[in-house]
Amino acid sequence: MTNSNWDALERYENQTLISLFEKDARRVEKLTIELAGIRFDLSKTHLDDTLLSGFSEMAIAAGLAAQKEALFTGAIVNPTEGRAAEHTAERGSGNAEAVAHAKKLQNRLRSLIDAIEAGAFGEIKHVLHIGIGGSALGPKLLIDALGREDARYDVKVVSNVDGAALAEATHDMDPHKTIVAVASKTFTTTETLLNATSAMEWMQRGGVADPQAQFVALTAYPEKAMAWGIDESRILPFNEAVGGRYSLWCSIGFPVALGLGWAAFEELLEGAATMDRHFRNAPTLENAPTLAAFTDLFYSQCKSSETRAVFAYDERLRLLPDYLQQLEMESNGKSVTATGAPLGRHSSPVTWGGVGTDAQHAVFQLLHQGTHLIPVEFIASKTPGHDFDPAHHEALLINCFAQGAALMSGRHSDDLARNYVGNRPSTTLLLDDVTPATVGALIAFYEHRTFANAVLLGINPFDQFGVELGKQIAKDIGENGPLGFDPSTTALIEAALGDI
Ligand code: F6P
């Protein structure tokens, strides 16, 4: 993307949000998209005709249409690793060969689930899912969002190498009635393998005669799982071209498919497929992920917003900010373009957030009166996830909408301490309900938004070399002790670990 495109947008003197509404009675309608059981309201952002046409031209110049086709047809979109990114094939979208391959592997997933339900593993009550990053965040989010009432098994996800996480998860589990799913795309991640080994020991201590028989592997490298000791019949492979943070749709979704049932898993995939069709085919100005990317780019590139905040006004979606942090920051937190040149501008903003209404009483002060401009995203559901007094849900939604209104309108006071400048942008995503289908569509929306951001910035969103150095140094320290490190690191290691 040439700097002159950005320069023009950076120089553009946008109007205030209030005046945008005053000038256009149809603004809400124009900037609201209803799709897949979700209402995407982008009207409280500064997008206007000038910005929309500027970003649309930029999308054309960046080849967004061609890049989308490349994504959906299995062409190489991850040039640094020479790979396609085939997560959409997992939900039946795109390249026929990849879709057929994904289907075959899903059938294998389903067969194992059927076998577990039919008693092939004995009486099973618990599922201990061990993975980290993309091998944990999706299942964790989905079980928390959708498995509160209907989960058929007690599913726990353990990611952290801190043994306290495993201790807490296994505390109330009966090892005899537990399936351990070791989820790792590469099957080399040290935290996951250590947790898996400790889970095996926990089973042995608990008197399980053949713990291996209760272990399942979810991986793109079956041979590594076999070498680790898991029998081929209990390995659920997935396509290597599915990135870790895009992998909840394939066998990494094992605890979701098992915990919520196959029908729910299929609904999740179908919800995502609806979003795939929309992203692939809807014109730019009606395209929810693309327009959302335009807002991200406007604030991060043209208004120097370094963060964006996401607040779930629904307990069921409380883990969404965690999930989005990996999706957005691991994908687009880069300082180099896809062709290897310095990016020369900001990449992904920092994604952070929390839940409403809790966050209102903690961090919203800064959102309303701080000196940072932070675009806010509200996510809510029309339907509550509980049977308590409807007053709860009403209060929740009223608070959500009130915050968006307050950020936008502000309130003048001559006393500066009490003045709200307003004109602070927000987007609101209102789900009909939190169901497998709407959550599938929601996650796919964020995936495609991240992709559109990457294309317009010229970033490859599918690699993550930035995580390697720290892993390598940890390995070196583990193998050789604090040799050759800086004095601070050496002193810390010696103080905490002594002679390792
Ligand atoms: O270190 C980052 C990362 O590679 C993520 O991209 C990935 O989701 C996570 O680690 C876990 O990797 P794996 O699934 O291979 O264990």
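Atoms within each ligand, like the ligands themselves, are counted from 1 in listed order. Hydrogens, waters and symmetry mates are skipped; everything else that's a heavy atom, side chains included, is used.
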message: Tell me the nearest of Lys224, Lys185, Lys471 to atom 10 (O) of ligand 1, using heavy-atom distances.
response: Lys471
- line: re atom 14 (O) of ligand 1, the protein heavy-atom contact at minimum distance is Ser135 OG, 2.6 Å
query: Taking heavy atoms and a distance under 4.0 Å, where does Thr186 meet ligand 1: side chain, backbone, both or neither?
result: both
query: Would you say ligand 1 has an N or O under 3.5 Å from any N or O of Gly134?
result: yes
field: Nearest non-hydrogen protein atom, atom 11 (C) of ligand 1
entry: Ile132 O, 3.2 Å
query: Is there a heavy atom in Glu468 that sits closer than 4.0 Å to ligand 1?
result: no
- request: Considering only NZ, NE, NH1 and NH2 on the basic side and carboxylate oxygens on the acidic side, decide whether Arg83 and Glu240 come within less than 4.0 Å.
  value: yes
Minimum-distance pair of heavy atoms, taken over all atoms of His129 and Ala136: NE2-CA, 4.3 Å
N-O pairing of Asp154 and Lys177 below 4.0 Å: no
query: Considering only protein heavy atoms, which is closest to atom 6 (O) of ligand 1, and at what distance to one decimal place?
result: Glu330 OE1, 2.7 Å
message: Less than 4.5 Å apart, side chain to side chain, heavy atoms only: is that true for Ile235 and Met226?
response: yes
- prompt: Looking only at N/O atoms, are Thr189 and ligand 1 under 3.5 Å apart anywhere?
  reply: yes
- prompt: If you count the atoms of ligand 1 from 1 in the order shown, which ones are under 4.0 Å from a heavy atom of Ser184?
  reply: 13 (P), 14 (O), 15 (O), 16 (O)
- request: Please test Asp296 against Arg449 for salt bridge (charged side-chain N to carboxylate O under 4.0 Å, His left out), starting from the C-alpha separation and ending with a verdict.
  value: CA-CA 9 Å; Asp296 296 337; Arg449 173 186 187 161; 2.8 Å; yes
message: Looking at Asp174 and Lys125, is any side-chain nitrogen of the basic one under 4.0 Å from a carboxylate oxygen of the acidic one?
response: no
field: CA sep, side-chain torsions, deciding dist, call: Phe378, Tyr313, ring pair (Phe, Tyr, Trp, His ring centres under 6.0 Å)
entry: CA-CA 7 Å; Phe378 298 103; Tyr313 273 70; 5.8 Å; yes
